[in-house]
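Letters go in sequence order (proteins before strands), and every chain restarts at 1. What you see is a predicted model, and the numbers here were worked out from it, not measured in a lab.
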Protein chains: 2
Amino acid sequence: MESSAAIDRLSALAQPGRLAVFRLLVRAGPEGIPAGEIAAAVGLAPNTLSAQLTILVQAGLLSSAREGRVIRYAARPDALSELIVYLMEDCCGGRPEICQPVQEAAARAACCPPAKSRSRRPLRA
Amino acid sequence: MESSAAIDRLSALAQPGRLAVFRLLVRAGPEGIPAGEIAAAVGLAPNTLSAQLTILVQAGLLSSAREGRVIRYAARPDALSELIVYLMEDCCGGRPEICQPVQEAAARAACCPPAKSRSRRPLRA
DNA sequence: GCGATATTTCGACATTCGTTGAAATATGGA
DNA sequence: TCCATATTTCAACGAATGTCGAAATATCGC
């Protein structure tokens, strides 16, 4: 991931309204939510929200699809993972002991069932 | 982690100079780097850098320690892990299939030796 | 104490950002 | 076609941001 793209994503998320929108959409899953419902949920005027959605889409964090009169927005999980990878990238410049806590924390946060072959204890116990 | 703290960290990192400084210091490890050397490395005027360092410290991303005439700054890896955990938090609201790719990417980025008992293939192959 | 070095603080400036109200565009239904 | 709904676009405003030059502060060695 390029530095300028990372900055675009970081600054897209670095604003209360946009962060709330993104988290809402991550929670909502792949189906996404129509713009109007998002506006109601986060308490933003439709035009204000529209500007914020544009920023999030341009940063690659959201996708949008028209469905009749409604435009449905959804989070792009890959965009978040790319950003996280970029942020962790430099941890490991010959110094694994530094980024290990980061790695562990990230694994802990991922409360998903283990990816392939790994079951030690119930996560988020 | 609180939402406002997350925003502070995101917006602290959402600026080219500050992101460059943070990455430099992550790479540098726990010993950190004196302010003057940082300024030279990232090409910022000393006073400009000072302002950016203040923002990074206030966001909790850096620590600083005076050593004689020099002030040495170091990255706080925990701050990054907290931020990543916060960003990943909502992935898993009943929808593990969404955040799984994120989790895998994070694990892949962490090029550290496996935390405890896990060796499938050379990471970053 | 004095001078030199390292860093920060202050004041000012142009630029960017987030919000608002009003108008424009797009879609679907009568 | 005409109207209602959903969303965006536009112009403008105050607030916040990043950078600069100059001055202040802190520390060290003489």
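Counting only distance, with no hydrogens or angles, the side chain of B:Arg23 and the backbone of A:Leu87 share no donor-acceptor pair below 3.5 Å. Under the 3.5 Å distance criterion, the side-chain polar atoms of B:Ser50 are left unmatched by any main-chain donor or acceptor of B:Pro46. Counting only distance, with no hydrogens or angles, the side chain of B:Arg76 and the backbone of B:Leu61 share no donor-acceptor pair below 3.5 Å. One N or O on the side chain of A:Arg66 and one on the backbone of A:Gly68 form a donor-acceptor pair closer than 3.5 Å. Between the side chain of B:Arg72 and the main chain of B:Ser63, no donor-acceptor pair closer than 3.5 Å is present. For the pair B:Glu2 (side chain) and B:Ser4 (backbone), a donor-acceptor distance under 3.5 Å is absent.
Atom CD in A:Gln58 sits about 14 Å away from atom C1' in C:dC17, given to the nearest Å. Whole-Å rounding puts the B:Gln15 CD to D:dT17 P distance at 11 Å. Summarising the geometry, the separation between CG on B:Leu13 and C1' on D:dG18 is reported as 16 Å, rounded to the nearest angstrom. Counting to the nearest Å, the P atom of C:dT16 and the CD1 atom of A:Ile55 are 14 Å from each other. The CG atom of A:Asp8 sits 14 Å away from the P atom of C:dT16 (whole-angstrom rounding). If you take CD1 of B:Ile71 and P of C:dT5, they are 18 Å apart, rounded to a whole angstrom. Rounding to whole angstrom units, CD1 of residue A:Ile33 and C1' of D:dT7 are separated by 16 Å.
Seen from the ring of B:Tyr86, B:Arg9 does not count as a face-on cation partner, given the 6.0 Å and 45° thresholds.
Here B:Ile7 contributes atom CD1 and A:Gln15 contributes atom CD; the two are 6.5 Å apart, rounded to the nearest 0.5 Å.
Between B:Tyr73 and C:dA6 there is no side-chain N or O to OP1 or OP2 distance below 4.0 Å.
Within the nucleic acid shown, B:Arg72 has no heavy atom closer than 4.0 Å to any nucleic acid atom.
For the segment residues 36-52 of chain A, the set of residues with a heavy atom within less than 4.0 Å of an atom of DNA chain D comprises A:Gly36, A:Pro46, A:Asn47, A:Ser50, in numerical order.
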Treat primed atoms plus P, OP1 and OP2 as sugar-phosphate and everything else as base, then score nucleotides 24-30 of chain C 5' to 3': B for base contact with protein heavy atoms under 4.0 Å, S for sugar-phosphate contact only, - for none. --SBS--

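A:Val21 is listed as a side-chain neighbour of A:Leu25, based on a closest heavy-atom distance under 4.5 Å.
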